[in-house]
Amino acid sequence: MQKTHWDVIILGAGAAGLLCAGEASRRGRRVLVVDHAAQPGAKIRVSGGGHCNVTNRNLGKEHYLSAHPGFCVAALRQFGADAMLERLAQAGIAVEERDGGQYFCQGSAQQVVALLLAACAAGRVTFSLGNAVQHAERTANGFTVQTRAGPVHGSALVVATGGLSFPKLGASDLGYRLARHWGLPVVPTRPALVPLRVAHTGFLAAESLAGVAVDACVRYQKTRFSGPLLFTHRGLSGPVVLQISSYWQIGESLQIDLAPGVELGQLFRQARLDHPRQEVATVLAGVLPKRLTQALVTHLGVTGRMAEVADTRLRQLVDAVHRWVVTPEGSEGYRTAEVTAGGVDTGILSPKTMECRTMPGLYFIGEVVDVTGQLGGYNLQWAWSSGYAAGQWV
Ligand SMILES: Cc1cc2nc3c(=O)[nH]c(=O)nc-3n(C[C@H](O)[C@H](O)[C@H](O)COP(=O)(O)OP(=O)(O)OC[C@H]3O[C@@H](n4cnc5c(N)ncnc54)[C@H](O)[C@@H]3O)c2cc1C
């Protein structure tokens, strides 16, 4: 790395930092990207199970959590799903649309990293990898960044250091630390899109359900998600649980329908008329997986034939299935959280440029910002959109 004064120093070679670097360098800016990881784009590579859920057709502020919910709109409009898909198409990267407007690469997520790196190479972006950033200070003509390999100087500084989730992929608190150092507000962070820990009480005590999956509807206050739910050794996971985890607050309860779309009460009434000698468990197993059925009937003690079991007992079973109230003990934490909610308060950033209103030349982009997407490609799209926005101005 030459000793020089860079136009732009970008901290973090993740999704946001790489896209921003490509854009800024295309405008002729001399860009340095510093990252402590040996390879850029670690999270992109593992995203979407290796196929990168790169964006979502249904972008809108309702898919994002933030203390200022409208903040993300300008950047998403400027560079949205179509813009990203067009770039992928131009590079010959095939994508497929899945449920809920999610776009995944048909091939490897590595293709997306290669696309971003090609843009950086075209703009002669310099990378300093395997180089931990320790601190940054404002100077008379920009910023000085202290790195393990020594100080670097630049006119503008883009903080794209991501959130706290998945520390084994390089996550650190650097972005938040820098914001606090400069007296900038940070919305308290918490793990989001994360499995929840649930005590083995109630029907969960009756039988190990680890590995059992059902289609469920999970509610927390006014927020509701439907889709696959997975019982784990420690609690609950699966897309619906990850989704609701971003909204759920510790100490609060979730209401879960384990058989949405099924009228279990009606099913039991009909079974009593048509098959009075059938076991309750057999009827329930037509709707739920066998192990879950067994756990429920054992816990509630609802055994016997349809004709023999009292109405009150059947109603208890219906309630347990359709209105299971569960109070998670907590989440699995940053180790397995897909994202970090909270972050640099958007109130101090320009929604058009991502520049800090109180510190010209300083930008925050990507997950370090208090904009958290739902599951489905929304987080990477925020990284692309915010990276693009900053890249036009920095
Ligand atoms: C397993 C997993 C799967 C995911 N799948 C998807 C998906 O399919 N679709 C989707 O939309 N979202 C997905 N996400 C979320 C998405 O990957 C992130 O929201 C997105 O990558 C954030 O981009 P970013 O550039 O802000 O941060 P990051 O991609 O996290 O990049 C931050 C960079 O900063 C570097 N850094 C941090 N601290 C320092 C330091 N002190 N010194 C130097 N460098 C530092 C890191 O090494 C890293 O390279 C997934 C996340 C995980 C963990």
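We count residues from 1, following the sequence as given. Whatever order the structure lists them in is the order used to number ligands and atoms, beginning at 1.
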Numbering the atoms of ligand 1 from 1, which are under 4.0 Å from a heavy atom of [X]?
| X | result |
| --- | --- |
| Leu174 | 40 (C), 41 (N) |
| Asn379 | 11 (O), 12 (N), 19 (O) |
| Ser172 | 37 (C), 38 (N), 39 (C), 40 (C), 41 (N) |

Would you call Gly377 a ligand 1 contact, heavy-atom distance under 4.0 Å?
yes
Consider ligand 1: state whether an atom of it lies below 4.0 angstrom from any non-hydrogen atom of Ala171.
no
Please report which non-hydrogen protein atom sits nearest to [atom], along with the residue it belongs to and the distance in Å to one decimal place.
| atom | result |
| --- | --- |
| atom 36 (N) of ligand 1 | His36 NE2, 3.4 Å |
| atom 2 (C) of ligand 1 | Glu338 CG, 3.8 Å |
| atom 27 (O) of ligand 1 | Gly162 CA, 3.4 Å |
| atom 37 (C) of ligand 1 | Gly170 O, 3.4 Å |
| atom 31 (O) of ligand 1 | Gly14 CA, 3.3 Å |
| atom 9 (N) of ligand 1 | Asn53 O, 2.9 Å |
| atom 18 (C) of ligand 1 | Glu367 OE1, 3.1 Å |
| atom 25 (O) of ligand 1 | Ala16 N, 2.9 Å |

Mind checking whether Trp324 and Phe203 have ring centres under 6.0 Å apart?
yes
Would you confirm whether the ring centroid of Phe364 sits within less than 6.0 angstrom of the ring centroid of Tyr176?
no
Among Leu157, Val33, Leu32, Val158, which residue satisfies the side chain to side chain contact (heavy atoms under 4.5 Å, CB included) criterion with Val8?
Val158
Among Val371, Asp35, Leu11, closest by any non-hydrogen atom to atom 47 (O) of ligand 1:
Asp35
Out of Gln381, Gln374, Lys43, indicate the one that has the non-hydrogen atom closest to atom 30 (O) of ligand 1.
Lys43
Taking Gly22's backbone N and O only, do any of them form a donor-acceptor pair with Ser25's side chain (distance below 3.5 Å, no angle check)?
yes
Give a yes or no on whether the backbone of Leu174 and the side-chain of Thr161 come within a donor-acceptor separation of less than 3.5 Å.
no
Side chain, backbone, both or neither: which part of [X] comes within less than 4.0 Å of ligand 1 when only heavy atoms are counted?
| X | result |
| --- | --- |
| Tyr378 | backbone |
| Ala160 | backbone |
| Val339 | side chain |

Ignoring angles and geometry beyond distance, decide whether [X] reaches within less than 3.5 Å of ligand 1 through its nitrogen or oxygen atoms.
| X | result |
| --- | --- |
| Val133 | yes |
| Gly48 | yes |
| Gly366 | no |

When rounded to the nearest 0.5 angstrom, what distance separates CD in Glu367 from CD in Glu338?
9.0 Å
Reported CD-to-CZ distance for the pair Glu263 and Arg269, which is rounded to 0.5 angstrom
7.5 Å
Give a yes-or-no answer on whether the side chains of Asn141 and His153 include a donor-acceptor pair shorter than 3.5 Å.
no
Would Arg98 pass as a cation-pi partner of Phe104, given that its NZ or CZ must be under 6.0 Å from the six-membered ring centre and within 45 degrees of the axis?
yes
